[in-house]
Novice: 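Here it is, the structure in full.
Throughout, numbering of the chain's residues begins at 1 and tracks the sequence. Everything quoted here is computed from the prediction, not taken from an experiment. Just follow the structure's listing: the first ligand is 1, and inside any ligand the first atom is 1.
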Amino acid sequence: MTAPTQSPTSPDITAVTTRLPSANVVFIPTAGSFPLPPTPFPLVAPSVSTGAPTSLAPASAEAAGNGTAADPFGDHSPTGFRDGPLADDIPVGEPAPPVEPALPQRGSGSGRDPGEPESATAPPRPPATEPPGVPISPAPISPAPVFPAPISPAPGSPAPGSPMPISPAPISPAPGGPGFGDGPGFGGGLGSPELPTGADLGAEIAAELAAQASTTEPQGAPHHADTGEWRGIVLVTGTDTDVGKTIVTAAVVAAAHAAGLRVAVIKPGQTGIASGAPTDLDVIKHLAAPETTRVLAEYPDPMAPLAAATVASMPPLELYEVVDAIRAESEKHDLVLVEGAGGLLVPMGVRPSGEAWTVADLATTLGVKTIVVARAGLGTLNHTALTLEALNRRGVPAGVVIGAWPADPDLVHWANLSDLAPHLIGALPDGAGRMDPGVFRRSAPGWLTPTLYGEIDNWRNWAEEIGDGHH
Ligand SMILES: Nc1ncnc2c1ncn2[C@@H]1O[C@H](COP(=O)(O)OP(=O)(O)OP(=O)(O)O)[C@@H](O)[C@H]1O
Ligand SMILES: C[C@H](N)[C@H](N)CCCCCC(=O)O
Ligand SMILES: [Mg+2]
């Protein structure tokens, strides 16, 4: 597909706005787990050995490769990752393909991703017909006839529509995840009149953990991630744009490479290419060098893909062409990561019917699991709950990865970590995206749980270690 260098001056966005999915108004119980204390972490509970350290150590300037041609981002102030010596004990596995010395610059209007090993342009589009036998996902505009179990179906959770409790249950039961996710959540809660001291927190957390030791999974558990490694096709969505989907995707590629997997990354719709900035696939190739990268359509304006197609008078992404392209790569790779654009319900393109489709539709059509990348700070509980709610009601298993954990977290970050822990399958340190690619690749398994080929198996230990100054 050839991208024009300029957008029409008077875009007609009527087609876009009329296709926007209408929201279902639902009650969402927010999480209310106990806030983790900032450093030092007072609770010393029996540790589960990972067999490899999961601490995140500060990098040396040398290890970070400051000022080298290998890092065109030019800003090395990373924190919270392993330096060279510490990385020696991290299995790296299969060496990744060589990294280009600098990111290629996108030629204006070429419509092709520079350096793409495979065709980066959209193929000629056949007449839009609904392929037989392909399941149609629930349309996002269809209200659920009966509201499914709330995302937090822990015992004692309120019925949907009931008043918000002071200390609601966590967002959902554990996705088989490590550490904090082993139970229905801590007591207390952010709604308590006074926040307890660090010592109180430690004591209460210890008591809660002991009480939960024999707790079975709550009744009516929603669809959630299983414990095994995620292979095949995995979608990467987020609670918003700019939350770190691209950096997280690169980290999963690096961890999967360390586990010996062949990986493809597909970006169905890349928007904003007129800026000439590195595309998401440029960033991923630089950081992690997957075996294959494909972009299926590129649009000049930095907007949702369907809106960008409309304003540029370009063909929109068609759902079943995207599905076919993803499935084709899954035949040739162990893992295919598909990065959406913005959040889960962003209009991506059109169905044969002319309706808009979203990454949620892609997930249900393909029947695959989804990584939800979330922010660490204030506001993330609501955004993450909304996204998990939307996935849960569609039956899509999901796990959460924090896109950028701050070097100097404050209380709200710790509280959010505690609330998100039942869902967490990873947390990248802020600054990961600016690392030297070699350091990034060696460090990536330490940011992810085994679900994503990583080493973290206990969030409490992770919190202790970064709280102890290894961050
Ligand atoms: N862990 C991180 N370390 C350093 N920078 C980060 C990190 N996470 C995100 N960023 C930066 O934040 C910005 C947004 O991140 P990213 O491009 O991954 O977002 P996204 O969710 O993929 O957005 P989009 O919806 O446009 O695809 C980028 O400039 C990226 O470099
Ligand atoms: C251009 C940007 N970086 C993303 N690729 C697209 C984000 C679309 C967000 C649409 C929305 O939710 O309003
Ligand atoms: Mg991105």
Novice: Centroid-to-centroid, W447 to W462, below 6.0 Å?
Specialist: no

Novice: Non-hydrogen atoms of Q270 versus ligand 2: any pair closer than 4.0 Å?
Specialist: no

Novice: Which atoms of ligand 1 sit under 4.0 Å from any heavy atom of A432?
Specialist: 1 (N), 2 (C), 3 (N), 4 (C)

Novice: Within a distance under 4.0 Å of any heavy atom of G342, pick out the atoms of ligand 1 and give their elements.
Specialist: 25 (O)

Novice: Just to check, does G238 reach to within less than 4.0 Å of ligand 1 when the distance is taken from its heavy atoms?
Specialist: no

Novice: Atom 12 (O) of ligand 2: which protein heavy atom is closest, and how many Å away?
Specialist: V346 CG2, 3.5 Å

Novice: Could you list which atoms of ligand 1 come closer than 4.0 Å to a heavy atom of P429?
Specialist: 1 (N), 2 (C), 3 (N)

Novice: Return the residue, atom name and 0.1 Å-rounded distance of the protein heavy atom closest to atom 4 (C) of ligand 2.
Specialist: T241 OG1, 3.5 Å

Novice: Kindly give the heavy-atom pair with the smallest separation between I402 and A376, and that separation in Å.
Specialist: CG2-CB, 3.7 Å

Novice: What N/O/S atom of E339 is the closest to the Mg ion (ligand 3)?
Specialist: OE2

Novice: Using non-hydrogen atoms of the residue, decide whether M435 is closer than 4.0 angstrom to ligand 1.
Specialist: no

Novice: Pick from D410, N416, L417: which one makes a side chain to side chain contact (heavy atoms under 4.5 Å, CB included) with W414?
Specialist: L417

Novice: For E339, counting its heavy atoms only, list the atoms of ligand 1 lying under 4.0 Å from any of them.
Specialist: 22 (O), 27 (O)

Novice: Show the atoms of ligand 1 that are less than 4.0 angstrom away from any heavy atom in R434.
Specialist: 4 (C), 5 (N)

Novice: Ignoring angles and geometry beyond distance, decide whether G433 reaches within less than 3.5 Å of ligand 1 through its nitrogen or oxygen atoms.
Specialist: yes

Novice: Suppose I only count heavy atoms of P302 and a 4.0 Å limit; which atoms of ligand 2 are within that range?
Specialist: 1 (C)

Novice: Taking only heavy atoms of A404 into account, list the atoms of ligand 1 that are under 4.0 Å away from them.
Specialist: 1 (N)

Novice: Going by the atom numbers of ligand 2, which of them fall below 4.0 Å from some non-hydrogen atom of T271?
Specialist: 1 (C), 5 (N), 6 (C)

Novice: For K267 and ligand 1, answer yes if some heavy atom of the residue is under 4.0 Å from a ligand atom, otherwise no.
Specialist: yes

Novice: Going by the atom numbers of ligand 1, which of them fall below 4.0 Å from some non-hydrogen atom of T241?
Specialist: 23 (O), 24 (P), 25 (O), 26 (O)

Novice: If you consider just the N/O/S atoms, which atom of D280 is the closest one to the Mg ion (ligand 3)?
Specialist: OD2

Novice: With atoms numbered from 1 as shown, which atoms in ligand 1 lie under 4.0 angstrom from a non-hydrogen atom of D280?
Specialist: 27 (O)

Novice: Quick one: do the T279 and D282 side chains pair a donor with an acceptor below 3.5 Å?
Specialist: yes

